Structure formats: C-alpha cells, structure tokens
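The structure under discussion appears below in the form of structure tokens.
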Protein chains: 2
Amino acid sequence: MQNLLREYKADIFQSLAHPTRIAILEALRDGEMAAGAIQEQLGIEQANLSQHLAILRSRQIVAHRKEGNQVFYSLRNPVLVEVLDIMRRYFQAHLSEARQMLGEIAAEARTR
Amino acid sequence: MQNLLREYKADIFQSLAHPTRIAILEALRDGEMAAGAIQEQLGIEQANLSQHLAILRSRQIVAHRKEGNQVFYSLRNPVLVEVLDIMRRYFQAHLSEARQMLGEIAAEARTR
DNA sequence: TTAGTATATTCGATCTATCGAATATACGCA
DNA sequence: TGCGTATATTCGATAGATCGAATATACTAA
C-alpha cells in the first residue's frame with residue numbers, strides 16, 4: 001500500500017513536470033477558461049495543448065464541462081496552486097542555486 | 001523569465017516524479033542517512049539507488065557529506081517535506097478518485 | 001601495497017514522453 | 001443536410017527516463 005501511495009504521488013508530480021502544464025495551472029488559478037483561450041494565452045499548437053489537457057484530465061487535476069462548442073477547464077483542487085506558490089518560495093530561498101540550474105537548462109536548450 | 005521559472009519548477013517536479021525518489025525523501029525527513037542505510041530500507045539495487053541520488057543531488061534537493069567510507073545524505077530544504085504533506089492531504093481529499101487511479105496503476109502493473 | 005567495503009559512473013536495452021501533422025468527433029447554424 | 005468552428009485522438013519520429021550488469025573510484029585497515 002505504501003508503495004501504491006508513492007506511485008500515486010509520483011504520478012501527480014509527473015503530471016506537473018512540464019512547463020506547459022504548469023502554465024496551464026497558472027492560467028486556471030483565477031477561474032475556468034475555455035481550451036481556446038488557454039491556447040491563445042500560451043501560444044502553442046492546438047493538438048499539443050489538447051494532449052497536455054488530456055494528461056491533466058486523466059490524473060483528475062482539472063475538471064471540464066462542455067458548453068456548446070467549447071470546453072471549459074478548471075482546477076479541481078486549489079491545493080495544487082498552493083504547491084506552486086510554495087515552489088516559488090522554494091525557488092527564492094535557493095535563488096543562487098536556482099540561477100545556476102536555470103543557466104544549465106538554458107545552456108542545454110541552446111545546444112539542441 | 002516566466003518561462004524559465006516554469007522550467008525550473010517542472011524540473012523540481014520531475015525529480016519528485018518517481019516512487020523511489022519519494023521514498024528517499026520520506027526516509028530523509030527525520031534526518032540524514034548513509035546511502036547504504038537508505039538502500040537497505042528501500043530494498044533496491046545499489047546502482048539504482050545511486051542513480052536516483054545523483055538526480056536528487058543534481059537538482060540540489062539533497063545535500064551530501066562524506067565521512068570516511070560512507071556518504072550521508074540529507075534534505076536541503078524541509079519545504080519539500082511540506083509539499084509531500086500537502087500531497088497527502090490532497091490524496092485524502094480525492095480518496096475515491098485516488099483509489100480508482102491506484103486501481104488503474106495496479107492493473108497496468110499486472111498486465112506488464 | 002593489497003584486500004575489502006561503500007558509493008558512483010558507464011553502458012546498452014527497454015520503456016515512456018513529447019511534438020507536429022493528419023484526421024476524427026461534436027456541436028451550432030444556415 | 002452540409003459547412004464551419006472547437007476540441008480530441010491517432011500516428012510516427014525523436015528525445016528522455018529507468019533498469020541491471022559491469023566497472024570505476026575512494027576510503028580503511030591490515
């Protein structure tokens with residue numbers, strides 16, 4: 001059981017482990033949005049957004065409701081926003097390390 | 001910058017997105033431990049543990065110090081424990097969904 | 001120096017994630 | 001019915017993560 005609980009947690013973390021999905025959660029923190037509006041705000045491909053939304057749906061992180069032609073998404077539990085806020089504090093507490101890590105991320109991005 | 005911050009957060013979440021690494025953090029929450037002791041507690045391969053520790057080290061999530069033959073690991077910032085605790089509350093809040101999800105995880109595990 | 005113990009790294013195989021392009025579905029309106 | 005718009009799914013290519021086996025490194029003690 002302990003192991004299954006860890007798999008569950010790992011699964012939730014996995015679903016947060018992508019910049020686009022974090023951006024989606026941040027977009028939803030102030031209320032529900034239609035998929036199209038999210039897409040516009042993030043400036044990504046329609047299919048790509050839909051894939052990320054499918055991941056968040058499958059992990060029960062977002063709720064969705066259809067209204068006519070559109071699908072509105074919302075956060076199921078604001079505690080995840082709380083986690084993101086904690087991460088910001090964490091980031092600030094480790095700013096010099098974070099800066100170094102960001103440098104590495106940026107360097108990798110440039111190399112590719 | 002906003003994007004880099006999201007990459008940083010995603011990177012941290014990625015490093016938490018594995019049951020073994022969650023188990024490591026839980027083991028360390030009460031204080032530092034030698035790698036060997038962690039290995040014994042988790043019951044996994046030595047190389048495998050070392051690989052997971054390398055990931056946690058590279059993301060600055062754990063600190064390590066050598067003492068003679070051994071390497072002692074500890075959490076760099078208790079805020080991550082806080083995050084794990086929040087996840088436990090999250091888990092409880094979504095217990096029925098979680099149960100379903102665990103069922104799916106277990107089913108997949110059985111199929112493979 | 002040699003042997004033994006603790007930990008880290010490298011390698012290759014396998015599995016999982018991500019992307020854009022193409023296509024499918026579902027709805028509203030003429 | 002047929003067309004346009006919004007969203008979802010499938011596909012194939014590429015990149016990244018994970019594992020155990022083998023090997024390397026670092027330290028201790030004889």
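We name chains A, B, ... by the order of the sequence lines, and we start the count at 1 in each one. Predicted, not measured: the structure shown is a model, and the values here were computed from it.
- Taking the charged nitrogens against the carboxylate oxygens, K9(A) and E26(B) do have a contact shorter than 4.0 Å, which makes a salt bridge.
- A sub-4.0 Å separation between OP1 or OP2 of dT7(C) and a side-chain N or O of R57(B) is absent.
- Heavy atoms of Q51(A) sit under 4.0 angstrom from at least one base atom.
- In this model, no side-chain donor or acceptor of Q70(B) finds a partner on the base of dT28(D) within 3.5 Å.
- Regarding H64(A), its NE2 atom lies at a distance of 14 Å from the C1' atom of dT9(D), rounded to whole Å.
- Counting distance only, with no hydrogens placed and no angle test, the side-chain atoms of Q14(A) and the base atoms of dT16(C) include no donor-acceptor pair under 3.5 Å.
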Compile the donor-acceptor pairs under 3.5 Å between side chains in residues 80-88 of chain B and protein atoms, sequence neighbours left out, one pair per line.
| residue | atom | partner | partner atom | Å |
| --- | --- | --- | --- | --- |
| D85(B) | OD1 | R29(B) | NH1 | 3.2 |
| D85(B) | OD1 | R88(B) | NH1 | 3.3 |
| D85(B) | OD2 | R29(B) | NH2 | 3.3 |

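- The interatomic distance linking R59(A) (CZ) with dT16(C) (C1') rounds to 11 Å, in whole Å.
- Heavy-atom nearest nucleotides on DNA chain D were determined for A17(B) and for G36(A), and the one closer to the 5' end corresponds to G36(A).
- For the pair R6(A) (side chain) and T20(B) (backbone), a donor-acceptor distance under 3.5 Å is absent.
- Residue pairs meeting the ring pair (Phe, Tyr, Trp, His ring centres under 6.0 Å) criterion with at least one partner in residues 20-69 of chain B, sequence neighbours excluded, are H18(B)-H52(B), H64(B)-Y73(B).
- When atom types are taken as modelled, the side chain of Q41(A) and the backbone of A27(A) share no donor-acceptor pair closer than 3.5 angstrom.
- In this entry the distance linking CD1 of I38(B) with C1' of dT7(C) reads 12 Å, nearest Å.
- Protein atom CD of E45(A) is 5 Å distant from nucleotide atom P of dG20(C), rounded to whole Å.
- With rounding to whole Å, N48(A) atom CG is found 18 Å from dT14(D) atom P.
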Protein proximity profile, nucleotides 22-30 of chain C - base contact B, sugar-phosphate-only contact S, no contact -, cut-off 4.0 Å on heavy atoms: B---BBS--
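- Among dT9(C), dT7(D), dA8(C), the nucleotide with an atom closest to any side-chain atom of Y73(B) is dA8(C).
- Atom-to-atom, CG of L49(B) to P of dC19(D) comes out at 11 Å; the value is rounded to the nearest Å.
- Between the CD atom of E32(A) and the C1' atom of dT7(D) there is a distance of 16 Å, rounded to whole Å.
- Look at NE2 on H18(B): it is 15 Å from P on dC15(C), rounded to the nearest Å.
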